[in-house]
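Reviewing the structure listed below.
Proteins come first, then strands; the chains are lettered A, B, ... in the order of their sequence lines, and each starts at number 1.
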Amino acid sequence: MGGLFTPLSWNDAGFILTGIWNTILISGVSILIGTVLGVLIGFARAESNKTVNFLLGSVLDVLRSVPLIIQLILFSTFMGVMGSPLPPFFAGTIVLSLYTMAFMGEVFRGGFESVQNSMIVAARSLGMTYWQALRYVRFPIGLRSVFPAWLGVALSVIKDSALVSVIGYMELLRTSEQLISRTQQPLEILIGVGIFYFIISYPLSMYGRRVERKNAL
Amino acid sequence: MIQVQNVRKSFGDLEVLKGIDVEVQKGEVLSVIGGSGSGKSTLLYCINAIEKIQGGKILVDNIDVHDKATNKDQLRQKLGMVFQQWNSFPHMTVLENVALAPQVVKKMSKAEAIEIAKKELEHVGLGDKFDVYPTKMSGGQQQRLAIARALAMRPDYMLFDEVTSALDPELVGEVLDTLRVLREEGMTMICVTHEIAFAREVSDQVAFFHQGVIEEIGPPEQVISNPQKETTQSFLSKVLS
Ligand SMILES: Nc1ncnc2c1ncn2[C@@H]1O[C@H](COP(=O)(O)OP(=O)(O)O)[C@@H](O)[C@H]1O
Ligand SMILES: [Mg+2]
């Protein structure tokens, strides 16, 4: 061959797999951190007074309203200017986790608020302490009711993780772009990438819909 | 013994209990009747320390319920409470609903708690529902589940707050029958109820609440069958008609 461009071959599989793995890694870590923080934020919002709620709400509103791609560039540029640039994985994980937290916080807040106070009073009347009623009644009921909404946010995070490519993280989209510039086969590669996202998202969203329908009964 | 002494309770500016005095001896049944908003539920909530009081005193077995030094969680183990809304825990089976508090609160082993739960479920006629989820049951069954859940803590007293008011008429009977069983067994109970015939049948005392005071209290033969106060008469004629 010896030309400038070389066509796609099985030798590229490892490279693509690295991209897939990195997409899964950064999505998984961000969903995990975002969920844990989201539960805490959601609980704080369900429990706290108007002032605290307003302050927390404003921060979350900013995180939800500013496009993720801008948050990513802003944060990584900011860290660079401050003289402590972060590796793309860390910068991306921090931004994506906080972004996830902002959405998960609302999801869990709704869940906790959906557990009626009378349910808690009933638990307390059995002699449970505040924490026991929380642990055995409010949390499990609140968490269970939001599973479909949680899954919806998680799926959108997996898809949004493609944006972390803009700060240089080698996830699936970025590895594909590099392959495209070498092979000049954009269609095959991008369709493959699309199919990958579909294969991950579709069964999960079907599952979420089934759970939702079951919960509604 | 439950002693309620000159209890005053306000929500903000609204005084809901204006000096309530009543005593319930061990083994007795007190029924509380009266119009909506007269403070009946609030009294039960105050006895169970769910609500604070602003004046007077409540003693349960000589424990001052509202004393700062009183452990409220421990106190509530003495006092079973069932509400108008049954509040079944939807994420657990019927058996788990009943076995939860004995394990969590009394630190019983799972096997011990399950055994008690089964006994109490049979007690209220739900012996065939152990593994069912409560949302699959009727309101009457869920209300009996709530009674079993309270009984599993082996309380000394039971407080019932209009436990049949949210039920379809045809389901009221099965819940009242369960209360009759408890009464036969000598359980000490305070029943807030609109079921006047039931109150007349099971009560040792009936208290008629009106705007935050007890207008009339005494045996059912007096308060229900032969009320002395005009307010009692007009209330009864309204609910009995
Ligand atoms: N948590 C509360 N906050 C403010 N007002 C309340 C609260 N609970 C009850 N009240 C008021 O206290 C009064 C008595 O209520 P309640 O004890 O529930 O009456 P009943 O059970 O006899 O219908 C009502 O006017 C009610 O609006
Ligand atoms: Mg009431």
Look up atom CZ in B:Phe130 and atom OG1 in B:Thr93, then write down how far apart they are to the nearest 0.5 Å.
10.0 Å
Can you name the residues of residues 97-108 of chain B that have some heavy atom under 4.5 Å away from a heavy atom in chain A?
B:Leu100, B:Ala101, B:Val104, B:Val105, B:Lys107
Step through the shown structure and confirm whether more than 12 heavy atoms of other residues, nucleotides or ligands are within 6.0 Å of OH on A:Tyr202.
no
Sub-4.5 Å heavy-atom contacts with chain A: which residues of residues 77-89 of chain B show up?
B:Gln77, B:Leu79, B:Met81, B:Phe83, B:Asn87, B:Ser88, B:Phe89
From the list A:Pro140, A:Ser145, A:Ser118, the residue making the most non-hydrogen contacts under 4.5 Å with chain B is A:Ser118
Do any pairs count as a ring pair (Phe, Tyr, Trp, His ring centres under 6.0 Å) and have a residue in residues 26-61 of chain A, sequence neighbours left out, and if so which ones?
A:Phe43-A:Phe112, A:Phe43-A:Phe139
Under 4.5 Å, counting heavy-atom pairs only, tell me which of B:Ala49, B:Ala152, B:Pro90 racks up the most with chain A.
B:Pro90
Are there more than 12 heavy atoms of other residues, nucleotides or ligands under 6.0 Å from atom NZ of B:Lys72?
yes
What do you reckon, is CZ of A:Phe15 surrounded by more than 12 foreign heavy atoms closer than 6.0 Å?
yes
Contacting region of A:Arg124 [heavy-atom separation from chain B under 4.5 Å]:
both
Between the side chains of B:Glu115 and B:Lys118, is the shortest nitrogen-to-carboxylate-oxygen separation below 4.0 Å, so that they form an ion pair?
no
Check this for me: does any side-chain nitrogen of one of B:Asp204 and B:Arg183 sit under 4.0 Å from a carboxylate oxygen of the other?
yes
Ignoring hydrogens, what is the shortest heavy-atom contact between A:Ala102 and A:Leu63? Give both atom names and the distance.
CB-CB, 3.7 Å
In terms of heavy-atom contacts, does CZ of A:Arg210 have more than 12 from other residues, nucleotides or ligands at under 6.0 Å?
no
Could you give all pairs that pass the salt bridge (charged side-chain N to carboxylate O under 4.0 Å, His left out) test and reach residues 60-81 of chain A, with sequence neighbours left out?
A:Asp61-A:Arg64
Let's test your reading of the structure: which of B:Arg149, B:His91, B:Met92 forms the most heavy-atom pairs below 4.5 Å with chain A?
B:His91
Polar side chain donor-acceptor pair, B:Tyr157 to B:Asp61, under 3.5 angstrom
yes
